[in-house]
Amino acid sequence: MSGYFGSYVVVAVLFAIGIAVFAGALLANRMLRPNNPTREKLTTYECGVDPVGEGWAQSQIRYYVFAYLYVVFAVDAVFLFPWATVFAAPGFGMATLVEMFVFLAFIALGILYAWRKRVLAWT
């Protein structure tokens, strides 16, 4: 297994072995499990309450907007921690300070836009 394609052959063989192990585990599970479905086992289970009505419910978009804003702030925090470590290094002070203020200005513009569109109002 030497040469240019030797490494690819090793990766392909390991990938095939992984797929075979995965498929074998699923097949063993299907062969060894008990299978006796009843009406009670086939009903939808939700926190111990019997299902009533239709299964479709409309949810408001503002829940997704709040989740998206959380992701934006989490990404903002992920970028702030490395910036704080580089900021202390000699020779990077002013450049990183300007870059971070530009980054925070973009975040602030996004929040200002969401506030002006009244997306942040919960009621």
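This chain uses plain numbering: 1 for the first residue, then up along the sequence.
Residues R30 and N35 are not in side-chain contact: their nearest non-hydrogen atoms beyond the backbone lie 4.5 Å or more apart. With a 4.5 Å cut-off on side-chain heavy atoms, W115 and L112 count as touching.
Within a 6.0 Å sphere centred on CZ of R33, heavy atoms belonging to other residues, nucleotides or ligands number more than 12. Taking a 6.0 Å sphere around CZ of F103, one finds it holds more than 12 heavy atoms contributed by other residues, nucleotides or ligands.
Between the CD1 atom of I111 and the CG atom of D76 there is a distance of 8.0 Å, given to the nearest 0.5 Å.
In the hydrophobic cluster analysis, where Ile, Leu, Val, Met, Phe, Trp and Tyr join through side-chain heavy atoms closer than 4.5 angstrom, L69 is grouped apart from V78. F81 is not connected to L104 by any chain of hydrophobic side-chain contacts under 4.5 Å among Ile, Leu, Val, Met, Phe, Trp and Tyr, and they are in different clusters. L109 and F101 sit in two unconnected hydrophobic clusters of ILVMFWY residues. Membership requires side-chain heavy atoms under 4.5 Å apart, directly or through other members. I17 and I19 are not part of a single hydrophobic cluster, where members link through side-chain heavy atoms under 4.5 Å apart. No chain of hydrophobic side-chain contacts below 4.5 Å, direct or via other Ile, Leu, Val, Met, Phe, Trp or Tyr residues, connects Y113 to Y68.
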